[in-house]
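Notes for the one structure printed next.
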Amino acid sequence: MTLNSTHDATRFSWIESANEPGNDFPLQNLPFGLFRRPGAPGRRALGVAIGSSILNLQAVALKGLAKAALGSGASNEVWTACQAEDLAALMALEPEANSALRRTICDLLDAATCPPGPLRTAVSECLLPASAVEMCVPAKIGDYTDFYASRHHAARVGAMFRPERPLLPNYSWVPIGYHGRASSIVVNGTEVRRPSGQTKTATSSSPSFGPSTQLDYELEVGAFIGRGNSLGTPLPLATAEHHLFGIVLLNDWSARDIQSWEYQPLGPFLSKSFATTISPWVVTMEALAPFRVPAAPRPAGEPAPLPYLHSADNEAAGGLDLTLEAWLSTSRSRTAGAPPVLLSTGRFRDIYWTLAQLVTHHTSNGCNLSPGDLLGSGTVSGSTPESCGCLLERTHRGTEPLHLANGEARAFLEDGDEIILRGYAEQPGFRRIGFGECRGMIQPAV
């Protein structure tokens, strides 16, 4: 995606909350989401976040506001998709079609291009307070694949189990991933039940069944597929990002004790399929255009990617400069009125495999991806303890618990703990944009 008028930092919205410093949803962001409207719990509608409000796209389309007043370049196909109860129809469109929709929405919400008058009044009637709606999973997710794309995470975890050889031989050559469970993906604010499963300690002769005692979070980015590909048709690296609609924050909840017993030889199963939480607003790839950076450089001595995973364009601008944070709120801290504590801060630009490489590799065998499919990046970690994206790393398998200011300690998560993921992108000369929150609170096992 290239820069255009929607990225102009001098543009301001007539919705004042969108202009407040630090707001995640200024005019330059305009992420898409799915919500339930007040008084109609069975109906869902597409919306765009703007400040502390939501623009109801279904209402805008039905009123014909953009076409009548602005001569919108968005096609009838786009406005039909805006009336769906799922984002998949928009995701399936060509990037150019969604770019035209973004420009139209930007003009409708811009103080200069939509001055006081009948049009602004009509648009204001399509706005809802974000606090008055219930957000939903943005699209029906047919398939979910989680990758292992952070070298820092893979090396640190590998050293706990294989000190002499932290990274397996294939890591530098192939993006590692597994197929996750799409049916248990939930949206921000959904409570997470502590899972039960089989575990086995190093000293026990047989496994036992019961609630996990090593429940963990994973700080990740999730990428939604836009246009899919036909079965048997790989997507080359040069066009892979044309098939990405946008990204969300993702918490891949993990039961480490169940995982360590079940993962060999086929990988994670019940240790991760009980819940995955995502943030509700999909920040489009176009909105992220100002925050492109080179792909992370490979350490000296490591091989270059194979030709199908390598290109000059990907090396030059395949990365995204996002700051990702994980926060913890405990039952005791909430009772005392204390704010959440920061557990980790990661940079997505440090990721070993870019999003384009993940898409290309996923389809390299002819695997077909569909609109609304979700790809997880894997835990985003950096080189320092403060940038560890999960407790497994931060507490070294629970042997070095974190000591909180209120006297509590955490090796892994306890019932009543709430994990809050946040993320944002900022660069000089551009407006800061964010993702909103990705929250989940742990409830006791059944």
Side-chain angles (χ1 to χ4, degrees), residues 31-36 42-49 57 81-82 84-93 98 134-149 175 177-193 195 217-231 235 240-254 267-285 355 358-359 361-363 367-379 421 423 435-440:
F32 292 89
L34 188 67
F35 67 92
R36 298 184 193 276
R43 293 283 295 171
R44 300 177 299 174
L46 302 188
V48 167
L57 287 183
C82 286
E85 291 192 47
D86 190 289
L87 263 176
L90 271 182
M91 292 175 170
L93 299 179
N98 282 313
E134 176 190 352
M135 299 304 298
C136 309
V137 174
K140 181 175 175 56
I141 300 170
D143 280 297
Y144 162 50
T145 303
D146 199 23
F147 284 91
Y148 198 47
Y178 73 95
H179 287 283
R181 184 72 184 176
S183 65
S184 55
I185 296 174
V186 296
V187 75
N188 170 60
T190 305
E191 294 180 341
V192 175
R193 181 72 61 181
Y217 72 93
E218 289 191 346
L219 175 61
E220 302 192 23
V221 162
F224 273 102
I225 296 296
R227 291 182 304 139
N229 62 300
S230 302
L231 182 65
L235 296 175
E241 279 204 13
H242 297 168
H243 295 264
L244 287 175
F245 181 79
I247 65 177
V248 293
L249 304 177
L250 185 151
N251 185 346
D252 180 32
W253 302 97
S254 301
F269 181 34
L270 300 184
S271 58
K272 290 177 176 282
S273 64
F274 59 95
T276 301
T277 305
I278 61 173
S279 54
W281 294 107
V282 186
V283 177
T284 64
M285 299 306 293
L355 292 178
L358 299 186
V359 171
H361 182 67
H362 203 316
T363 65
C367 175
N368 54 316
L369 300 177
S370 300
D373 283 357
L374 185 65
L375 308 183
S377 64
T379 304
L421 305 186
F435 292 83
E437 291 186 334
C438 180
R439 288 177 175 257

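Quick caveat: nothing in here was measured; it's all calculated off a predicted structure.
Evaluation of the ring pair (Phe, Tyr, Trp, His ring centres under 6.0 Å) rule for Tyr144 yields no partner, not counting sequence neighbours. When the ring pair (Phe, Tyr, Trp, His ring centres under 6.0 Å) test is applied to His242, no partner is found at least two apart in sequence or on another chain. For Glu437, the side-chain hydrogen bond (donor to acceptor under 3.5 Å, both in side chains) partners at least two apart in sequence or on another chain are Arg422, Arg439. For Ser184, the side-chain contact (heavy atoms from CB on, under 4.5 Å) partners two or more places apart in sequence, or in a different chain, are Arg181. Here Phe32 pairs with Phe245 under the ring pair (Phe, Tyr, Trp, His ring centres under 6.0 Å) rule; sequence neighbours left out.
Counting heavy-atom neighbours within 6.0 Å of Phe269 CZ, excluding the residue itself, gives a total of 12 or less.
Between atom CD of residue Glu134 and atom CZ of residue Arg44 there is a gap of 10.5 Å, rounded to the nearest 0.5 Å. The OG atom of Ser370 lies 13.5 Å from the CZ atom of Arg227; values are rounded to the nearest 0.5 Å. Summarising the geometry, atom SG belonging to Cys438 is positioned 10.0 Å from atom CD belonging to Glu220; distances are rounded to the nearest 0.5 Å. In this structure, Leu244 CG and Ile225 CD1 are separated by 5.0 Å, a value rounded to the nearest 0.5 Å. For the atom pair Leu421 CG and Leu219 CG, the distance stands at 5.5 Å (nearest 0.5 Å).
At distances below 3.5 Å, at least one donor-acceptor pair connects side-chain atoms of Ser377 with backbone N or O atoms of Val221. Under the 3.5 Å distance criterion, the side-chain polar atoms of Thr363 are matched with a main-chain donor or acceptor of Leu235.
Counting heavy atoms from C-beta outward, Leu46 and Leu90 have side chains that approach closer than 4.5 Å. Taking the side chain as every heavy atom from C-beta outward, Thr190 and Thr277 never approach each other to under 4.5 Å. When side chains are defined from C-beta on, Phe224 does not count as touching Leu375, because their heavy atoms never get closer than 4.5 Å. Using a 4.5 Å heavy-atom cutoff, the side chains of Ile278 and Asn251 are not in contact. The shortest distance between side-chain heavy atoms of Val137 and Leu34 does not fall below 4.5 Å. Lys272 has its side chain within reach of Glu218: a pair of non-hydrogen atoms, C-beta onward, lies under 4.5 Å apart. In this structure, the side chains of Arg43 and Arg36 stay at 4.5 Å or more apart for every pair of heavy atoms. Using a 4.5 Å heavy-atom threshold, the side chains of Leu250 and Ile185 count as separate.
The two residues Leu270 and Phe274 have their closest heavy-atom pair at O-CD2, 3.7 Å. For the residue pair Ala182 and Gly142, the shortest heavy atom distance occurs at CB-O, 4.0 Å. Scanning all heavy atoms of the two residues, the minimum distance from Leu369 to Val359 falls at CD1-CG1, 4.4 Å. When every heavy atom of Leu249 is checked against every heavy atom of Ser279, the shortest pair comes out as N-OG, 2.8 Å. Residues Pro280 and Cys136 approach most closely at CB-O, 4.4 Å, considering heavy atoms. The two residues Leu87 and Val282 come nearest to each other via the heavy atoms CD1-CG2, 4.1 Å.
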task: Just do the side-chain contact (heavy atoms from CB on, under 4.5 Å) check on Tyr178 and Asp146 with the steps written out, would you?
output: CA-CA 6 Å; Tyr178 73 95; Asp146 199 23; 3.5 Å; yes
field: Trace of the ring pair (Phe, Tyr, Trp, His ring centres under 6.0 Å) decision for His362 with His243
entry: CA-CA 12 Å; His362 203 316; His243 295 264; over 10 Å; no
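For residues 367-379, no pair satisfies salt bridge (charged side-chain N to carboxylate O under 4.0 Å, His left out), with sequence neighbours left out.
Side-chain N/O atoms of Trp253 and Thr276 include no donor and acceptor closer than 3.5 Å.
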